[in-house]
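A short write-up of the structure that comes next.
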Amino acid sequence: MSDDLEILRQETLAALAGAGDRREWDAVRVGTLGKSGRLTGLLKELGRMSPEERKLRGGALNRLRDDLSRAIEERGAEIEAAILNARLASERVDVTLPVRPESQGMIHPISRTMEEMAAIFGAMGFKVAEGPDIETDWHNFSALNTPDHHPARTDQDTFYLPAEAGSGRERVLRTQTSGVQIRTMLGQEPPIRIIAPGRTYRADHDATHSPMFHQCEGLVIDRGITLAHLKGCLTDFLRAYFGQPSLPVRFRASYFPFTEPSMEVDIGWSRKTGEIGGGGDWLEVLGSGMVHPRVLANCGLDPREWQGFAFGMGIERLTMLRHGIPDLRSFYESDVRWLRHYGTSPLSPALLHEGL
């Protein structure tokens, strides 16, 4: 190899060794192999040489070009590796440190109350039953012995929908989950023991009422069912839900079209402080009664053979009492701060109260 080519080799290798980043490395590459590079200029001079000289000089230049291209590529790989190692070192994470706290979703109080109701009644042998939100007028009212002139059937209280195609039967957004009870009695043979939690709809909206709210209704059908079974079931439920084994519970005569006799259920309460179980006042929390014989007959059950009881309660109402929530509308405002306060961790199970 001639002296000028050896000089070019040594200078290029020295420049590559001194290149500390991509910019300096690229300057050496372009200065040697680029269109105006030193080696490229030497290759252009071959056209002015004689065939014999061109053969010898061209072979030497090609070998030098291969050697320098290899050296440039290897040095480029070394620089990339060094940059990557520096980045990995600077971005290293200490996995022994505690993780950064992140916001955690919470279970809505309504959902948690329904879970607790299912757990309490499940321990008594009840199963959860479901039904459609859009009911026929017959399932929602007529089958439940509700007369045509009853105030609940007016447009002021009920959301009516267009009649069902083909059948002409009126449809409503269910005002109660009692339709699930009717469908259950029509669809299976007794004995029956179910609860039916779910959304219901009524034309009402203020601090204690919402157009959409939640109810949980229950139904027991069997032979020999008496009022004592109803009282024992609801007393045990209320004491378990509020976590007070000695909670005062009172049954007061009332009227519902679908039960006879019918009873309102009250719990001990302090009007002055709002304390559950304390004071000398009473607070109504749910309605109940023995299933009316006409309701049994409407579902194809012989009231002389089968008896049962039913009950219904507002899930929002019980949740508000349990947590001291003053306004029903806050349940549906999607306020994350409110949910963080009243919600519960998704990792906590819906357990019965301790000791019950």
* To do: Check whether M290 and M185 end up in the same hydrophobic cluster, where Ile, Leu, Val, Met, Phe, Trp and Tyr are linked by side-chain heavy atoms less than 4.5 Å apart.
  => no

* To do: Using a 4.5 Å cut-off on heavy atoms from C-beta on, say whether the side chain of L42 contacts that of L64.
  => no

* To do: Report the C-alpha separation of H139 and T136 in whole Å, then their side-chain angles, then the decisive distance to 0.1 Å, and conclude whether the side chain to side chain donor-acceptor pair (under 3.5 Å) test is met.
  => CA-CA 5 Å; H139 285 91; T136 66; 2.6 Å; yes

* Heavy atoms from other residues, nucleotides or ligands near CZ of R294 exceed 12 (cutoff 6.0 Å) -> no

* To do: Return the minimal non-hydrogen interatomic distance between R199 and D133, and the atom names on each side.
  => CB-OD2, 4.1 Å

* Got a second to check how far L56's CG is from L61's CG, nearest 0.5 Å? -> 11.0 Å

* To do: State, to 0.1 Å, how close S111 and I107 come at their nearest heavy-atom pair, and which atoms those are.
  => CB-CG2, 3.8 Å

* With side-chain contact (heavy atoms from CB on, under 4.5 Å) as the test, would you mind laying out the steps for V249 and L234 before giving the verdict? => CA-CA 9 Å; V249 179; L234 293 182; over 6 Å; no

* Does a side-chain heavy-atom distance below 4.5 Å link F258 with Q181? -> no

* **Whether over 12 other heavy atoms sit under 6.0 Å from E52 CD** => no

* State whether the side chain of T158 and the backbone N or O of Y160 hold a donor-acceptor pair below 3.5 Å, judged by distance alone. => no

* Is a donor on one side and an acceptor on the other found under 3.5 Å between the side chain of Q176 and the backbone of N140? -> yes

* Asked: Heavy-atom distance under 4.5 Å between the side chains of L43 and N62, does that happen here?
  -> yes

* Asked: Once you round to the nearest 0.5 Å, how far does OG1 of T175 lie from CD of E135?
  -> 9.5 Å

* Ring geometry between F237 and Y241 (parallel below 30°, tilted from 30 to 60°, perpendicular above 60°) -> parallel

* Asked: Quick one: CG on D67 to CZ on R65, what's the gap to the nearest 0.5 Å?
  -> 11.0 Å

* Between R57 and E53, does at least one N-O distance fall below 4.0 Å, as a salt bridge requires? -> no

* First locate atom CH2 of W138, then atom OG1 of T146, and finally report the distance between them rounded to the nearest 0.5 Å. => 12.0 Å

* Is any side-chain N of the basic residue among E80 and R22 closer than 4.0 Å to the acidic one's carboxylate O? -> yes

* Structure fact -> Nearest heavy-atom contact between S330 and W338 is OG-NE1, 3.5 Å

* Heavy atoms, side chains only, cut-off 4.5 Å: are S288 and F309 in contact? -> no

* Derivation and outcome, ring-ring contact (aromatic ring centres under 6.0 Å, His included), residues F121 and F311 -> CA-CA 12 Å; F121 283 115; F311 55 85; 5.3 Å; yes

* Asked: To the nearest 0.5 Å, how far apart are OG1 in T200 and CD in E217?
  -> 8.5 Å

* **Polar side-chain atom of E284 near backbone of L286 as donor-acceptor pair, under 3.5 Å** => yes

* Check step by step if salt bridge (charged side-chain N to carboxylate O under 4.0 Å, His left out) holds for R75 and E24. => CA-CA 11 Å; R75 181 55 182 162; E24 294 177 355; over 6 Å; no

* For P191, does its backbone N or O pair with a side-chain atom of W306 as donor and acceptor, under 3.5 Å? -> no

* Could you check if a side-chain atom of L339 sits within less than 4.5 angstrom of a side-chain atom of P109, using non-hydrogen atoms only? => yes

* L321/L283 under side-chain contact (heavy atoms from CB on, under 4.5 Å): CA gap, chis, key distance, verdict -> CA-CA 10 Å; L321 290 173; L283 179 66; 3.4 Å; yes

* Under 4.5 Å between any side-chain heavy atoms of L16 and W25, yes or no? -> yes

* To do: Please answer whether the main-chain N or O of I276 pairs with a side-chain N or O of Q244 as donor and acceptor at a distance below 3.5 Å.
  => yes

* Asked: Heavy-atom distance under 4.5 Å between the side chains of V220 and C233, does that happen here?
  -> no

* To do: Give a yes or no on whether V265 and L219 share a hydrophobic cluster (residues Ile, Leu, Val, Met, Phe, Trp, Tyr; joining criterion: side-chain heavy atoms under 4.5 Å apart).
  => no

* Evaluate whether atom CD of E73 has more than 12 neighbouring non-hydrogen atoms of other residues, nucleotides or ligands under 6.0 angstrom away. => no

* To do: Evaluate the side-chain contact (heavy atoms from CB on, under 4.5 Å) criterion for residues K55 and M49: first the C-alpha distance (whole Å), next the side-chain angles of each, then the deciding distance (0.1 Å), finally the verdict.
  => CA-CA 9 Å; K55 181 179 180 181; M49 296 181 179; over 6 Å; no

* Asked: Same cluster for L186 and I134 if Ile/Leu/Val/Met/Phe/Trp/Tyr side chains link at under 4.5 Å?
  -> no

* Asked: Which residue, D4, L33, T32, L8, forms the side chain to side chain contact (heavy atoms under 4.5 Å, CB included) with R38?
  -> L8

* To do: Assess whether atom CZ of R252 is packed by more than 12 heavy atoms of other residues, nucleotides or ligands within 6.0 Å.
  => yes

* Is it true that R23 and D26 have a side-chain N and a carboxylate O under 4.0 angstrom from each other? -> no

* Begin with the C-alpha distance, continue with both residues' side-chain angles, and end with the deciding distance and a verdict on side chain to side chain donor-acceptor pair (under 3.5 Å) for Q215 and T177. => CA-CA 7 Å; Q215 276 192 343; T177 59; 4.5 Å; no

* To do: Say whether I195 and F256 are linked into one hydrophobic cluster, either directly or through other cluster members, by side-chain heavy-atom distances under 4.5 angstrom.
  => no

* Counting N and O atoms only, with roles assigned by atom type, does the side chain of N145 sit under 3.5 Å from a partner on the main chain of P257, one being a donor and the other an acceptor? -> yes

* To do: Say whether, by atom type as modelled, one donor and one acceptor occur between the side chain of D281 and the main chain of R271 under 3.5 angstrom.
  => yes

* From CA spacing to verdict: side-chain contact (heavy atoms from CB on, under 4.5 Å), H214, T319 -> CA-CA 11 Å; H214 298 78; T319 306; over 6 Å; no

* Residue pair F213 / E316: nearest heavy atoms and the distance that separates them -> CA-OE2, 3.4 Å

* Can you see which heavy atom on I194 is nearest to which on F126, and at what distance? => O-CD2, 3.3 Å

* Asked: Are the side chain of R193 and the backbone N or O of M124 linked by a donor-acceptor pair below 3.5 Å?
  -> yes

* Asked: Backbone N or O of G232 within a donor-acceptor pair of the T235 side chain at under 3.5 Å?
  -> no

* Structure fact -> Between the CD atom in E116 and the CG atom in L318, the distance rounded to the nearest 0.5 Å is 10.5 Å

* Asked: Got D222 and H229 here, is their nearest side-chain heavy-atom distance under 4.5 Å?
  -> no

* Please check if atom CD in E130 has more than 12 non-hydrogen atoms from other residues, nucleotides or ligands closer than 6.0 Å. => no

* Does atom CD of E189 have more than 12 heavy-atom neighbours, drawn from other residues, nucleotides or ligands, at distances under 6.0 Å? -> no

* To do: Following the transitive rule for hydrophobic clusters with a side-chain heavy-atom cut-off under 4.5 Å over Ile, Leu, Val, Met, Phe, Trp and Tyr, establish whether V180 and L296 coincide in one cluster.
  => no

* Structure fact -> Note: L247 and F242 closest approach over all heavy atoms is CD2-CD1, 4.0 Å

